[in-house]
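This report concerns only the one structure given below.
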Amino acid sequence: MGFNEVKMFILALFTGSSPDIAAKCETLAALDLSPKIQITSSKTVSEKSDLPAFCQIQGTIKPHIGFEARFPIGEWNGKYFQAGCGGYCGQILPDRETHSNSINHALRRGYAAITTDGGHQSDNIGDASWATNPEVEKIYAGEVIPHTHAAAFQLINEIYGRKPSYSYFSGCSNGGRLAAKAAQEYPDLFNGIISGCPVLNLSGNGGILASWVLRANSDASGNPILDDQFKDKLPMLEQNAIAQCDALDGTTDGAIQSPEKCYVTLDEIPACGQKKTKSCLTEEEKTVIRKLYDGPINSVGEKLFYGIPPGSERYWAVWHLGNKKNPSIGTRLAEGYLPFLGFPDDPANYSAIEFDLDNDLLKLETQGRLLNAMNPDLGAFSEAGGKMIMWHGQADPLVLPNQSIDYYNDVVKKFGKQSTENFFRLFLVPSMGHCWELPAALPDRMNMLQVMEDWVENGIEPTKIAVHSSVDEDDNSLNAKEGQLHPYPSLATYSP
Ligand SMILES: [Ca+2]
């Protein structure tokens, strides 16, 4: 036995892992695999106490997609998991649990998993300056999906000597958009696709809505009117919305299941007098809040996109509140989308606040065709036997849930309800904000991958999905602790 073999044998003794797989992992970087994959590091990792021993492979997939793959050394379940990157991507983030890029939950289930940076590198949220390169932009738009899939299959074959028996794709936000794109444009690659809070209409959400929010919330000097200090008033706004909207869905459970039925008024909230407190609103604040709830309109009052849903107020702090020095994430994303992704010509020195809702809408169409994932023709995906679960927080104030509802309805219009339910279901999650980025209200935990496996591998249709909260136990503002999601148009039920 050489030194490496002894090392692998000892590793196998301690981890119950396969010395064969471990040895292959350690020598992978030295192999001349393919001109399309450049491996910078491949090694066994067994010291992470919350993870099974795995082969950690890092490198680049041509043309320029940074990746990390994690393949179990011990019990591989024979399956493949691919994550879609969130936001404007740019980072790999395999360990950021619950983020769109995370893969550890799949690794724990025995998957060979991979996550990528979407084809460019940037660690600055909202930075989309990389998108001035049209080739890089196309990778981000969707081509990252097949490039990554092909490379991962090759690595899996190299390590395990065979193809995976099932393949899954999962992502949230932009990763959810990529998930839908996978079903629409690469229908043969995945058996199961999980699309969370997807920004399907990226040009509408990132262009029209984001510029509207920025403009609505900017004073004459460009400072936000609802700034980071405004977070103290959010509990009051949330209570105001829940008081008016909770019962309209038929169940008073602290959650708003039918936000579309509710027009929130601010009439009950006292106006601020001389002394400003956290339980009053100024006229200026009321005007902004009204515009956020109502959503973008043009100068003749035509509605151009949805409004921010009632019940999402607590999440505004994370996505929409900031100050001039540290703009909100929503503002940073808007200042990335419109100058660098929104128009074909990437106008120089452009600010999202300049977007003209009367004259500029058509200018978003070309890039919308590239980036949006709104094509309802899932015929090829359905014929290939694929299944897709889409889910969306009904209190998502960043990527509005209506675009998932519209998409679902478009697919039903094309295939009929019964046929659609054979391959595609949408689950709305009341009180949930955008993905898992922060302690959510309720619920914050559900096992979509398990539900997807059951559907794909065992033919168990997802008719209800259990959800529960594991954070905010002390927060009594919402009293539901456990619940069940049902396929849209049925609504979720929460325990009283
Ligand atoms: Ca309710």
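When a ligand or atom number is given, it counts from 1 through the structure's own listing order. What's counted below: heavy atoms across the whole structure, side chains too, no hydrogens, waters or symmetry copies.
- If you check the gamma sulfurs of C245 and C262, they are less than 2.5 Å from each other.
- The minimum distance between the Ca ion (ligand 1) and any N, O or S atom of D253 involves atom OD1.
- Checking side-chain atoms of D249 against main-chain N and O of I256 turns up no donor-acceptor pair under 3.5 Å.
- Using a cut-off of 3.0 Å, one finds that A255 contributes an N/O/S atom close to the Ca ion (ligand 1).
- Put simply, the angle at the Ca ion (ligand 1) from O in T251 to OE1 in Q257 is close to 130°, to the nearest 10°.
- If you put the vertex on the Ca ion (ligand 1), OD1 of D246 and OD2 of D249 sit 120° apart, to the nearest 10°.
- The ring pair (Phe, Tyr, Trp, His ring centres under 6.0 Å) test with F190 is passed by exactly one of F169, F423, Y166, F381: F169.
- Shown here are the side chain to side chain contact (heavy atoms under 4.5 Å, CB included) partners of I405, two or more places apart in sequence or in another chain: N409, L426, L428, Y488.
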